[in-house]
Number of protein chains: 2
Amino acid sequence: MDTISRKEQIITTSAKLFRQKGFEAASMRDIAAELGIEAASLYSHIKSKDEILETICFRMADELIKAIDEVNDVYFNAEEKLATAIKNHVKIVTGDLDSSTVFLREWRRLSAGKLAEFIKLRNKYEDGFMQILVNGENENVFDAPDKKFAVLTILSAVNWITEWYSPKGNMTPDEIAEHLFRFITTGLRVKTTA
Amino acid sequence: MDTISRKEQIITTSAKLFRQKGFEAASMRDIAAELGIEAASLYSHIKSKDEILETICFRMADELIKAIDEVNDVYFNAEEKLATAIKNHVKIVTGDLDSSTVFLREWRRLSAGKLAEFIKLRNKYEDGFMQILVNGENENVFDAPDKKFAVLTILSAVNWITEWYSPKGNMTPDEIAEHLFRFITTGLRVKTTA
DNA sequence: CGGAATTACTAACGTTTGTTAGGTAAAAAT
DNA sequence: ATTTTTACCTAACAAACGTTAGTAATTCCG
């Protein structure tokens, strides 16, 4: 039986509290209390509070980038690419809601150096989506007057699910992804038949 | 010459710093330093740090609700309503980027009582958009399988502009609103002519 | 002119913060 | 069986926090 290491427990618990109260408001003493130990004991496993935040943010970033790279490598059709990219994103985000929320909300509190590094990864992920839209334009299936704008808007939509998604809700991650794909590709307007 | 009251200066400066560093990370001493006074002097004008956050959040909420109510009162056509609602939202948000960002990002730090009040206003605003979608469905111009979902997605898109908009950028608020309206109503997909 | 606000100050308070030092008992490794 | 490592502890630190008390100078108003 492979138990989760204490370090992982600390990270998981921290993600939960960072999401609930915010990075600054959740103290080391809060985290320790949640684990039933003293604050000072945390330092047997981690170097600093900052290190916890970095671990959470960069793990999520890496996971998302790996997913979008795979999509751009494997699929050919732009529409299929977009559908899969959205599905993957929703799956990753809903799969670890605490970490995802911290990743999306608290990355600003990263230390100066790590912040620059993080933003590079963020841009890389955005570029992955950008490539899909470029493909789509070449294939004449997608059309956006401002592709950078479109990418940011798409990501805002898929990221917002962290604000309301609950595993106990009545939509599965795949259903959410489907809804989002539909909304992003066809919008609200009723198709004027013929 | 009507100078801006010191209290307003404090609120404006706080909004700027709350946006930059976050509510908890921006200290009273930071705010005071920005104004060239001592931290204790702030308390001649305001009751507490919380009061500043409350003022910022509720002002923005009131302004947005006033705008959506007006739209729902004045216009008849759902499409026109949505276009105007988005235009107003973008105008308000870009008009005071610091306050808007705090309103969108830092409202979670409101004290328990004020938080509940705030969420009510937030729901009211969402209801304003919901009504537009209901109108649109009745008029047979809009079609969304899950209207609550659609409202949240629309708002996520219009709110995300605080993350990248700059007054020095090459898009005016009206142009942004137009792009958003287009994206929200027709999506990415190329219209299959005939 | 004289009293009342207004706006700022210095000094200090009690808390909370992240973190370090040094120690102890149990478990694992040799 | 002895050493080493792991995982926790207590105690304490220096710094930063929001805020209060009390006071002096300036401005406003009758």
Side-chain angles (χ1 to χ4, degrees), chain A residues 1-58 102 105-115, chain B residues 1-58 102 105-115:
Chain A
M1 51 169 167
D2 58 340
T3 20
I4 305 160
S5 80
R6 201 54 161 167
K7 181 161 183 176
E8 279 317 303
Q9 288 181 20
I10 291 173
I11 291 169
T12 306
T13 305
S14 299
K16 180 178 152 193
L17 290 183
F18 289 173
R19 178 185 175 204
Q20 261 172 36
K21 321 174 86 183
F23 174 68
E24 339 250 1
S27 72
M28 295 303 275
R29 282 165 180 84
D30 289 337
I31 296 165
E34 191 85 5
L35 291 164
I37 60 176
E38 291 299 316
S41 306
L42 295 170
Y43 290 84
S44 300
H45 306 94
I46 52 125
K47 274 211 298 281
S48 67
K49 193 185 183 187
D50 279 338
E51 191 205 17
I52 303 177
L53 181 62
E54 285 160 20
T55 305
I56 295 170
C57 288
F58 283 92
V102 172
R105 228 186 247 166
E106 307 291 335
W107 60 271
R108 275 169 252 269
R109 314 304 174 226
L110 287 168
S111 60
K114 292 289 174 180
L115 207 161
Chain B
M1 50 169 169
D2 59 339
T3 19
I4 305 159
S5 80
R6 201 55 162 167
K7 181 162 183 175
E8 279 318 304
Q9 289 181 20
I10 291 173
I11 291 168
T12 305
T13 304
S14 300
K16 181 178 151 192
L17 290 183
F18 289 173
R19 180 185 174 204
Q20 263 172 36
K21 321 175 86 185
F23 173 68
E24 338 250 0
S27 71
M28 294 304 273
R29 284 164 178 86
D30 288 337
I31 297 165
E34 191 86 4
L35 291 164
I37 62 176
E38 291 298 317
S41 306
L42 295 169
Y43 290 84
S44 300
H45 306 279
I46 52 125
K47 276 212 295 280
S48 67
K49 194 185 183 187
D50 279 338
E51 191 205 16
I52 302 177
L53 181 62
E54 285 162 19
T55 305
I56 295 171
C57 288
F58 282 93
V102 172
R105 229 187 248 167
E106 306 292 333
W107 61 270
R108 274 169 253 269
R109 313 306 173 223
L110 287 168
S111 61
K114 291 289 172 179
L115 207 160

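Letters A, B, ... mirror the listed sequences (proteins, then strands); counts begin at 1.
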Using the side-chain heavy atoms of [X], tell me which of these nucleotides is nearest: [options].
X	options	value
His45(A)	dA11(C), dC8(D), dC17(D)	dC8(D)
Glu38(B)	dT10(C), dT19(C), dG18(D)	dT10(C)
Ser27(B)	dC17(D), dT10(C), dA11(D)	dC17(D)
Ala40(A)	dT19(D), dC8(D), dA11(D)	dA11(D)
Ser44(A)	dC8(D), dT19(C), dT19(D)	dC8(D)
Tyr43(B)	dC8(D), dG18(D), dT19(C)	dG18(D)

Supply the atom-to-atom distance [X] [atom1] to [Y] [atom2], rounded to the nearest 0.5 angstrom.
X	Y	atom1	atom2	value
Asp30(A)	Lys21(A)	CG	NZ	3.5 Å
Arg108(A)	Arg105(B)	CZ	CZ	3.5 Å
Thr13(B)	Glu8(B)	OG1	CD	10.5 Å

Answer yes or no: is there a donor N or O on one side and an acceptor on the other, between the side chain of Lys49(A) and the main chain of Phe23(A), under 3.5 Å?
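Yes.
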Gap between atoms [atom1] and [atom2], on [X] and [N] respectively (whole Å):
X	N	atom1	atom2	value
Ile37(B)	dT6(C)	CD1	P	16 Å
Gln9(B)	dT7(C)	CD	C1'	12 Å
Lys7(B)	dA5(C)	NZ	C1'	16 Å
Ile46(A)	dA7(D)	CD1	P	14 Å
Ile10(A)	dG18(C)	CD1	P	14 Å
Glu24(A)	dA16(D)	CD	P	15 Å
Phe18(A)	dT17(C)	CZ	P	13 Å
Lys47(A)	dT20(C)	NZ	P	11 Å

Side-chain ion pair, Lys7(A) and Glu51(A), N-O less than 4.0 Å:
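Yes, Lys7(A) and Glu51(A) are salt-bridged.
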May I ask you to verify if any side-chain N or O of Arg29(B) is less than 4.0 angstrom from the OP1 or OP2 atom of dT19(D)?
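Checking dT19(D) against Arg29(B), no side-chain N or O comes under 4.0 Å of OP1 or OP2.
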Could one point to a donor on the side chain of Ser41(A) or the base of dA7(D) with an acceptor on the other under 3.5 Å away?
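Such a pair does not exist between side chain and base.
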